[in-house]
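In this chain, residues are counted from 1 in sequence order.
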Amino acid sequence: MKVFKNLNSGLVSLYNVLNVLSIDVALGAVCSALFFAHILQADVTYYSVACLGLSVWIIYTADHLLDAKKIKTSATTNRHRFHQQHFRLLIIIVSIAIAINIVLLFFIRKPALLTGIVLIVLVAMYLLIQHSLKILKEMFVAIVYTTGVMLPAMSNTTMALKEWNWIVIAEFFLVAFLNLIIFSWFDYENDLKDDRVSFATILGKKISNVFINFLFVLSAALWVVTYSAQPSAFIVLSMNVVLFIMVFSHSYFAKNDRYRILGDAIFFIPVLVYLFF
């Protein structure tokens with residue numbers, strides 16, 4: 001029993017490190033990209049998926065580094081404190097990751113490369129104006145994330161636009177948006193201490209909670225009205241259910257950043273469609 005306990009503790013510690021470094025977010029983006037490859041019946045290459053995962057990691061890490069630099073004292077969250085303490089090393093690693101990504105671009109099919117340029121422009125815009133977006137920050141990130149994970153499939157699918165499962169795409173966007181709003185709701189006190197702007201710090205925790213419940217109802221209504229027995233619809237529903245449980249049991253998930261670990265991990269769920277259906 002002690003061996004299993006130590007193993008479990010080790011795995012939890014390892015995942016915590018992956019979460020602080022946003023590596024799990026990058027892996028979740030890859031899983032989501034494979035999900036869209038399945039529902040859009042697209043043949044994606046390993047190079048395009050690898051480039052996406054690396055791009056997501058670069059974006060998130062750059063965002064955390066920018067936040068960490070703006071915090072004048074020691075950050076209250078483990079994530080931003082880690083990026084403060086290892087700022088220079090992470091800058092070097094991000095620079096290396098960018099160089100590797102540029103090399104990967106030469107192996108990507110032309111259609112994927114052209115759509116990738118659109119994502120690069122969106123990301124550049126976000127990094128430049130992120131602190132001016134204020135209440136729209138979470139929505140903009142959700143749009144960029146959803147667009148990004150769809151790009152490998154979008155550039156290789158033979159399906160006409162009218163054949164796309166737009167309801168599932170909309171529901172996936174709502175999951176990404178909900179995820180970010182819920183994070184800002186959980187991070188409310190820490191964001192106030194670190195003087196970081198978020199949806200919750202602007203509107204307050206109570207109004208944010210009302211908006212979260214509204215998004216849950218909207219997502220559920222979408223699923224009910226357009227009920228589909230397709231596995232992809234159930235996958236997105238299950239992601240919403242996990243988020244709902246997280247908010248419902250907020251006292252438990254607020255401890256030790258459990259909400260962030262589980263909230264990022266839900267983006268591993270979509271790969272089940274790609275693997276088994």
Side-chain angles (χ1 to χ4, degrees), residues 8 11-12 14-20 22-36 38-39 53 56 60 77-79 138-139 141-143 145-146 148-150 165 167-188 198-200 205 208-277:
N8 182 59
L11 291 174
V12 170
L14 174 61
Y15 191 82
N16 282 332
V17 172
L18 296 178
N19 184 260
V20 167
S22 299
I23 293 174
D24 61 334
V25 177
L27 293 174
V30 169
C31 291
S32 298
L34 295 175
F35 167 75
F36 281 112
H38 177 83
I39 67 172
V56 169
Y60 272 74
T77 63
N78 292 332
R79 183 186 300 273
E138 284 79 6
M139 178 176 283
V141 173
I143 292 171
Y145 183 85
T146 304
V149 297
M150 286 183 64
N165 195 331
I167 297 299
V168 169
I169 293 171
E171 288 176 339
F172 184 91
F173 164 74
L174 283 177
V175 168
F177 188 33
L178 251 172
N179 180 271
L180 292 165
I181 299 294
I182 290 170
F183 277 14
S184 75
W185 182 70
F186 271 106
D187 273 337
Y188 177 73
S198 71
F199 187 93
K205 201 163 185 178
S208 297
N209 190 38
V210 171
F211 189 70
I212 287 168
N213 289 328
F214 166 74
L215 290 180
F216 275 131
V217 171
L218 176 61
S219 186
L222 261 180
W223 190 83
V224 170
V225 172
T226 60
Y227 171 75
S228 171
Q230 294 179 2
S232 55
F234 282 101
I235 285 292
V236 180
L237 176 66
S238 66
M239 295 168 75
N240 262 311
V241 169
V242 173
L243 290 177
F244 179 80
I245 292 170
M246 212 164 68
V247 173
F248 184 77
S249 305
H250 59 88
S251 298
Y252 173 80
F253 286 103
K255 297 175 182 176
N256 302 318
D257 283 352
R258 288 169 180 162
Y259 70 91
R260 188 174 293 279
I261 293 170
L262 185 60
D264 287 336
I266 65 169
F267 292 98
F268 293 146
I269 299 175
V271 80
L272 296 175
V273 167
Y274 181 81
L275 294 174
F276 300 110
F277 296 96

Enquirer: Any non-hydrogen side-chain atom of Ser208 less than 4.5 Å from a side-chain atom of Tyr188?
Expert: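 Ser208 does not reach Tyr188 side chain to side chain.
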
Enquirer: To the nearest 0.5 Å, what is the distance between CG on Asn78 and CG on Asn16?
Expert: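 With rounding to 0.5 Å, CG (Asn78) is 8.5 Å from CG (Asn16).
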
Enquirer: Does the side chain of Glu171 come within less than 4.5 Å of Leu237's, by heavy atoms?
Expert: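 Side-chain contact under 4.5 Å: no.
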
Enquirer: Measuring from atom CG of Asn213 to atom CG of Leu178, what distance do you get when rounded to the nearest 0.5 angstrom?
Expert: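 These two atoms lie 9.5 Å from each other.
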
Enquirer: Would Phe35 and Val236 count as a side-chain contact (heavy atoms from CB on, under 4.5 Å) here? Give the steps.
Expert: CA-CA 10 Å; Phe35 167 75; Val236 180; 4.0 Å; yes

Enquirer: To check you understand the geometry: which heavy-atom pair defines the closest contact between Ile235 and Leu272, and what is its length?
Expert: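 Shortest heavy-atom separation between Ile235 and Leu272 comes out as CD1-CB, 4.1 Å.
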
Enquirer: Check for me whether the distance between the ring centres of Phe267 and Tyr145 falls short of 6.0 Å.
Expert: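 For Phe267 and Tyr145, the ring centres are under 6.0 Å apart.
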
Enquirer: Can you tell me how far apart CG (Asp264) and CG (Asp24) are? Round to the nearest 0.5 Å.
Expert: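 If I round to the nearest 0.5 Å, the distance is 4.5 Å.
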
Enquirer: At their closest point, which heavy atom of Phe253 faces which heavy atom of Ile245, and how far apart are they?
Expert: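 Heavy atoms of Phe253 and Ile245 come nearest at CE1-O, 3.9 Å.
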
Enquirer: For Phe244, I'd like to know if atom CZ has over 12 heavy atoms of other residues, nucleotides or ligands within 6.0 Å.
Expert: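 It does not: Phe244 CZ has 12 such atoms or fewer within range.
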
Enquirer: Give me the atom names and distance for the closest heavy-atom approach of His38 to Val273.
Expert: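 Looking at all heavy atoms of both residues, the shortest contact is CD2-CG1, 3.0 Å.
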
Enquirer: Is a donor on one side and an acceptor on the other found under 3.5 Å between the side chain of Asn179 and the backbone of Gly263?
Expert: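 Yes, because the side chain of Asn179 sits within donor-acceptor range (under 3.5 Å) of the backbone of Gly263.
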
Enquirer: Measure across Ser232 and Val168 and return the closest heavy-atom pair with its distance rounded to 0.1 Å.
Expert: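 Looking at all heavy atoms of both residues, the shortest contact is OG-CG2, 3.9 Å.
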
Enquirer: Could you grab the distance from atom OG of Ser198 to atom CZ of Phe186, nearest 0.5 Å is fine?
Expert: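 That separation rounds to 13.5 Å.
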
Enquirer: Can you tell me how far apart CG (Leu243) and CD1 (Ile266) are? Round to the nearest 0.5 Å.
Expert: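 Between atom CG of Leu243 and atom CD1 of Ile266 there are 4.0 Å.
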
Enquirer: Distance from Asn256 atom CG to Ile261 atom CD1, nearest 0.5 Å?
Expert: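 One gets 8.0 Å once the value is rounded to the nearest 0.5 Å.
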
Enquirer: Determine whether Met139 and Phe199 satisfy the following criterion, side-chain contact (heavy atoms from CB on, under 4.5 Å), listing intermediate values before the conclusion.
Expert: CA-CA 9 Å; Met139 178 176 283; Phe199 187 93; over 6 Å; no

Enquirer: Check the pair Phe216 / Ile212 against side-chain contact (heavy atoms from CB on, under 4.5 Å), numbers first and verdict last.
Expert: CA-CA 6 Å; Phe216 275 131; Ile212 287 168; 3.5 Å; yes

Enquirer: Would you name the heavy atoms of Ile169 and Met150 that are closest together and state the gap between them?
Expert: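 For Ile169 versus Met150, the nearest heavy atoms are CD1-CE, 3.5 Å.
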
Enquirer: For a quick test of reading the model, state the closest non-hydrogen atom pair linking Asn240 to Ser219 and the distance between them.
Expert: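 In this case the closest contact between Asn240 and Ser219 is ND2-OG, 2.6 Å.
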
Enquirer: Checking Arg258 side chain against Tyr252 main chain: does a donor-acceptor pair fall under 3.5 Å?
Expert: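 It does hold such a pair.
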
Enquirer: Can you classify the ring geometry of Tyr15 versus Phe268 as parallel (below 30°), tilted (30 to 60°) or perpendicular (above 60°)?
Expert: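 Geometry flag for Phe268 against Tyr15: perpendicular rings.
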
Enquirer: Which word best sums up how the rings of Trp223 and Phe234 line up, parallel for under 30°, tilted for 30 to 60°, or perpendicular for over 60°?
Expert: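 Correct class here is perpendicular.
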
Enquirer: May I have the step-by-step check of side-chain contact (heavy atoms from CB on, under 4.5 Å) for Tyr259 and Asp187, ending in yes or no?
Expert: CA-CA 10 Å; Tyr259 70 91; Asp187 273 337; 2.4 Å; yes

